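By convention here, the first residue in the shown sequence is residue 1. Atom set for the values below is all heavy atoms of this structure, side chains included, hydrogens, waters and symmetry mates excluded. Just so it is clear, the structure is predicted and the values come from calculations on it, not from any experiment.
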Amino acid sequence: MTQLLRFPSSVKRDPAIETWMKEHAGELGVIAKHWFEVMRKCGEDVRELLHDGHPTACVGDAAIAYVNVFKAHVNVAFFRGAKIADPKGLMEGTG
């Protein structure tokens with residue numbers, strides 16, 4: 001059994017994500033859009049979809065990361081992020 005979260009319905013560009021971005025156009029939305037654009041540029045095999053209402057980036061059909069906007073913060077999160085080796089502590093947030 002794989003521990004990857006897979007989305008066979010992911011596509012190269014999901015129009016629903018553009019709608020989501022327009023609905024989150026404030027200051028925090030700008031931050032979320034920036035980081036999702038970074039994810040989109042990580043390779044030719046990057047796909048995307050809205051999962052649980054959040055823009056989600058996949059490599060092929062395997063979910064890798066997502067963004068979300070809340071009242072006072074933005075989440076940039078990695079699926080199985082706690083399992084990613086981070087010897088330099090670059091993945092540590094400051095809250």
Quiz item: Rounded to the nearest 0.5 Å, how far does CG of N75 lie from NE2 of H54?
Solution: 8.5 Å
Quiz item: With a 4.5 Å limit on heavy-atom distance, are the side chains of E48 and P55 in contact?
Solution: no
Quiz item: Does the ring center of F7 lie less than 6.0 Å from the ring center of H51?
Solution: yes
Practice problem: Quick one: list whatever passes side chain to side chain donor-acceptor pair (under 3.5 Å) with D14, sequence neighbours left out. | Solution: none
Self-check item: Beyond-backbone contact of C58 with L49, side-chain heavy atoms, under 4.5 angstrom
Solution: yes
Self-check item: Closest non-hydrogen atom pair between K71 and L28, with its separation
Solution: O-CD1, 3.7 Å
Quiz item: Are the side chains of M39 and V76 in touch, meaning some heavy atoms are under 4.5 Å apart?
Solution: yes
Practice problem: Please answer whether the main-chain N or O of G60 pairs with a side-chain N or O of S10 as donor and acceptor at a distance below 3.5 Å. | Solution: yes
Quiz item: Which pair of non-hydrogen atoms, one from W20 and one from G53, has the smallest distance, and what is that distance?
Solution: NE1-O, 3.1 Å
Quiz item: Would you say the side-chain atoms of K12 pair up with the backbone N or O of E44, donor to acceptor, closer than 3.5 Å?
Solution: yes
Quiz item: Would a hydrophobic clustering, with Ile, Leu, Val, Met, Phe, Trp and Tyr connected at side-chain separations under 4.5 Å, put V11 with L50?
Solution: no
Quiz item: Between A57 and V46, what is the shortest heavy-atom contact and its length?
Solution: CB-CG1, 4.5 Å
Exercise. Assess the pair F79 and Y66: is the distance between their ring centroids shorter than 6.0 Å?
Key: yes
Quiz item: Under a single-linkage definition using a 4.5 Å side-chain heavy-atom cutoff for Ile, Leu, Val, Met, Phe, Trp and Tyr, are I31 and V69 assigned to the same hydrophobic cluster?
Solution: yes
Quiz item: Can V59 be reached from F36 by stepping across I, L, V, M, F, W or Y side chains whose heavy atoms are under 4.5 Å apart?
Solution: no
Quiz item: In chain order, what residues pass the salt bridge (Lys or Arg N to Asp or Glu O under 4.0 Å) check against D61, with sequence neighbours excluded?
Solution: R6
Quiz item: Is there a donor-acceptor pair closer than 3.5 Å between any side-chain N or O of H34 and the backbone N or O of V30?
Solution: no
Quiz prompt | Rounded distance (nearest 0.5 Å) linking atom CG of N68 with atom OG1 of T56 | solution = 9.0 Å
Quiz item: Hey, are R40 and E18 close enough for a salt bridge, meaning a charged N less than 4.0 Å from a carboxylate O?
Solution: yes
